[in-house]
Structure formats: C-alpha cells, structure tokens
There are 2 protein chains.
Amino acid sequence: MFSFTEENYLKSIVQLTVFEEGVDEVGVNRLAVYLDVKPATVTDMVKKLKAKGLINYQRYGKVSLTEEGRLIGLRVVRKHRLWETFLHDKLKFNWDQIHEIAEQLEHVNSSELTNRLDAFLGFPEFDPHGDAIPRADGSITMPYRKLLNEAVPDQLYRIIAVSDNSNEFLRLFDEMGLNINDEVQMLVRNDYDGLLHILFNGKERTISPKFAENIYVVCAKCGKAKACNCN
Amino acid sequence: MFSFTEENYLKSIVQLTVFEEGVDEVGVNRLAVYLDVKPATVTDMVKKLKAKGLINYQRYGKVSLTEEGRLIGLRVVRKHRLWETFLHDKLKFNWDQIHEIAEQLEHVNSSELTNRLDAFLGFPEFDPHGDAIPRADGSITMPYRKLLNEAVPDQLYRIIAVSDNSNEFLRLFDEMGLNINDEVQMLVRNDYDGLLHILFNGKERTISPKFAENIYVVCAKCGKAKACNCN
DNA sequence: TCGCAGCGTTAGATTGATCTAACAAAAGCC
DNA sequence: GGCTTTTGTTAGATCAATCTAACGCTGCGA
C-alpha cells in the first residue's frame, strides 16, 4: 500500500503535530531533523505525499495532514505502541530497549495482526512510556497533562508518561528509581539555573530542567494537569 | 547489516538447498522463479553476494552457500518459523494465514528479540506446518521423513509436515479434516492417473498425487521414514 | 559431433530514496 | 526598508533493486 518511507514520514508528522507540539502543521526543516535526512529530501517526499492526497502543502509553506494522511500516520503509531507493549509486557524487555525494535515492527502490514495483537494484550490504553495508543478507528484518549518542568511548588503530581524515548534518558529515569504512576512533589525551582528539587518515595533529589521537561505529570488528586483547587 | 533483499536471497537459497531439494547448489533460473524476479536480476544480486563472501559462484555456474551465508539464511528461516508459531499458537491465526505475515516479520533485526520470542513460545522444535525451526547456532533437527506420495500400501504413517504453504493447499488440507500428527494409511495407488486412496480417522478418501506430494509422513510405529520392519 | 533449446549474462533504462551544492524566499532585526 | 539569517527549493548525482532486449554458453539428443 504505502512504502516503508512514506509511512515514516506520515508517522513523524503525526508525532510532531498531534502528539508533541499540539499544533497542526510542521516545517520542512523540523521534519528533516526529526527524520535525520536532509531538507532537500523532505521537499521531494512532501511533493509526493501531496500528490497522493496525504498532506496539505505548498511551496515554502508548512506541512499538515489530510484526513487520510492522519489516519495512516496514526495507524503506524498504533502499531508502534502496541508492539512496544508486547515487547515490554510479554517478552519482558526493559523499556529502554523496546523503541528501536518497535521501529521495525511498526511497518508490518496486516490489520488482522494488529487487531489480534491488541486483543492479546488486553486492549491496552497506554504503552510502557505512558503514551496513548490510538484505536483502530484513529481515535485517541489524550490525557490532560503538563510537564514536570512546569510544576508548581507544593502540589502533588503523578507521573503518567515520558516524552524522550532515548536509551540515555530512560536509563537515567530507571536509575533514579522513578516509575510511571509514581507520585512526585516539586519542592523548589532554582531561578538561576532552573534546577528542580523534587520529592518522591520519601527521597529528595535534584534534577535538571532538561530531564524534567521530558516527564509528563497530572495532579495526583484530581488527575487534571491544570492548576486545580485540590490543595 | 544485510538488506531486506539480500536476506531474502539467502533465505531462498537455504530453502532450495538445505530444505527442499536436499542438494547443495541451485541455478540462477530456479532462484529467479522462486523469488519471482527475472534471471538478470538474480545474476546481479548473486555477484554482490559473492563479493560479500556469502555464496560460492562463478559465471555460468550454480550457486551454493558459504558457511556465513548459510548461517544468515538459516537465521531468517528461524525467525520466519518462530513468528509463524507465535501467530498460530498465541494469536490463534489459522495456519493458512500466517505465512504472508511471517514474511514481513522475519526481517526484523534483533537477536535479543528472536531469542526471547523463542523462550516465550517454549522453545518449539517445529512450526505449525511441521517444519523444523533452526536453532540460534544454526543447527537443525531434520526429521527422517518421506512424501505421502511415496507411501507403500498397508503401512501406517503419521503426518508430520506439509511442504506447500499456499492458502489453497492449506485450506484444502483443513477441509479434508486432516491434521499434523494424524495417522493415515495408503490403501491403493491407481497406476493410471496416480490417484491415492487413503484412510484416516476412519474415513476413506481419494486424493491427487499433486496433493499427496506436499505431505510429509513418517512410519507411525517407529517414526522412521524408510521402509521399516514394524508391520 | 554439431546444432539448438534452454540457461545465464550484459548493457542500458527505470524507479525510489537519498545526497551535495547552489540558489531563492521568508523572517527577523536594527 | 534593507541586510542577514533561517528556511526551503532546485538541479544534478548516486545507489540499490529491478526491468527488457539482445546476446553468449553448454549440454543433450539426433
């Protein structure tokens, strides 16, 4: 149906719009960096995808998904996250090993397979990194969340996801003793260098803003990310 | 490491030598038919694989595997058969649906994944079609077997494998009520057109030689394929 | 033993995905 | 508003895998 490469472009656009940035269009350079290819390559590919009716685009403009492109991209993300869940839950891989393998598995083409895998895993809603798994019809439950970096002092949060899937980040996360669903409290933010002092599992730790901005949290009491009236 | 395509060539050579024909070399045309490409394409690829030290070959000669090529090809077959087992045993696919999906899964590159999958499945020795699954070190248990087509009258056989993975064959096999491990007896072979009359599960059926030559059997009593002294 | 059918090769073209280098447009800044 | 930086495009090349068409070997059978 669609090539390995085309699928990767659509998946990346989904990731950069629907998921990461909360906007609905993305520039050619941003895409090139994300896909680790040169901008010239993206320009070519983007013309091809437009010709196929999968994206909206015009010379020197930004790229956004058409309805069809969005569905295909979401389907790849769905497969990726289901396979990650399989690798983690069934094959007992550490969560810092699963991303690269899922990059390959996500391109296996068989909706029957995807749906049976989904059932085999018990229709999970979130993958091991806490990210929402799109459903077969392309719908997603986007949890209302904020970055730990944006936490306000004294409020109690619950970690629900991480946004960096690199081995380095995930290993550091593990080594600190953190886990998805842990409760964490931000004590003080250092205005000079942005370091955060946090409290979790009775331990007090100092973390960098770079680390904190890859951790998603919700209010531990009401589950909402917005400043709430819980405390 | 090796491209999708290179892996497919090596896998096919393994299949046509180690498994199907019991010889150790294969011609360019035979390979071209098997891979569904033109002979000219095979000639090119074969030069490339020779340059990489994966096969033995010279102009106008036949192709055979080097030790390294054999290992890589067997690794692909191993992955294919493990995935088929997964699809059948865990995801409950019918055995006529699994081949095409496994064709895609077999190219996922991660020995860690392959070995964990192997363990998850309980280290199976045979896939759902009854074919031996090569082990991680490249060793294989080749069962001593013969084709149902070559069965002698009155002896009792046990079906251990099939050699045609096409949907048409497998569906017919199912519809007749046959199963791997069923016991079957050849009653009469019609000398004129080769039709076979067989008996299994108390049913008597007439089958074509084309059908019978895709079914592997062993002696039901001693497990050996050779004419034995059991009866 | 010789000719021809079948097997295998070569040359040249195509397609998809990528690159580099040079250029063009848009955005940002004073 | 004009200069500079950032962003994006174009042209032309490369590489892998494939094709077609034409040609070169080889071995079997008469």
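Throughout, a chain's letter reflects where its sequence line sits, starting with A, and its residues are numbered from 1.
- B:Leu113 has its side chain within reach of A:Phe93: a pair of non-hydrogen atoms, C-beta onward, lies under 4.5 Å apart.
- For B:Gln58 and C:dC7, the CD to P distance is 20 Å, given to the nearest whole Å.
- In this structure, B:Gly61 reaches neither bases nor backbone, as no heavy-atom distance under 4.0 Å exists between it and the strands shown.
- Among the nucleotides D:dT18, C:dC7, C:dT9, the one closest to the side chain of B:Asn29 is C:dC7.
- Whole-Å rounding puts the A:Lys38 NZ to C:dA21 P distance at 10 Å.
- Listed nucleotides: D:dG8, C:dT18, C:dG8. Nearest to the side chain of B:Val28: C:dG8.
- Under the side-chain hydrogen bond (donor to acceptor under 3.5 Å, both in side chains) test applied with A:Trp95, the options A:Asp127, A:Asn165, A:Asp174, A:Asn167 reduce to a single match, A:Asp174.
- B:Phe4 places its CZ atom 17 Å from the P atom of C:dG16, with the value rounded to the nearest Å.
- Protein atom NZ of A:Lys47 is 15 Å distant from nucleotide atom P of C:dG16, rounded to whole Å.
- In this structure, NZ of A:Lys50 is placed 15 Å from C1' of D:dT9, rounded to the nearest angstrom.
- Atom CG of B:Asp44 is separated from atom C1' of D:dC15 by 13 Å (rounded to the nearest Å).
- Per the geometry, CE belonging to A:Met45 stands 16 Å off P belonging to C:dT15, to the nearest Å.
- A centroid separation of 6.0 Å or more is found between the aromatic rings of B:Phe4 and A:Phe4.
- Of the two residues near DNA chain C, A:Glu6 and A:Tyr60, the one whose nearest nucleotide lies more 5' is A:Glu6.
- You'll find that the side chain of B:Thr43 is closest to C:dT9, out of C:dT9, D:dT7, C:dC19.
- Using a 4.0 Å heavy-atom cutoff across all strands shown, A:Thr41 reaches at least one base atom of the nucleic acid.
- Taking 4.0 angstrom as the limit, A:Tyr9 places a side-chain polar atom (N or O) nearer than this to OP1 or OP2 of C:dT18.
- Between B:Asp118 and B:Leu82, the closest heavy-atom pair is OD1-CD2, 3.5 Å.
- Comparing D:dT9, C:dT18, C:dT9 by their closest approach to the side chain of A:Tyr57 singles out D:dT9.
- Of all the heavy atoms in A:Thr66 and A:Asn56, the pair that sits closest is CG2-ND2, 3.5 Å.
- When rounded to the nearest whole Å, the span between CZ of B:Arg30 and P of C:dC7 equals 12 Å.
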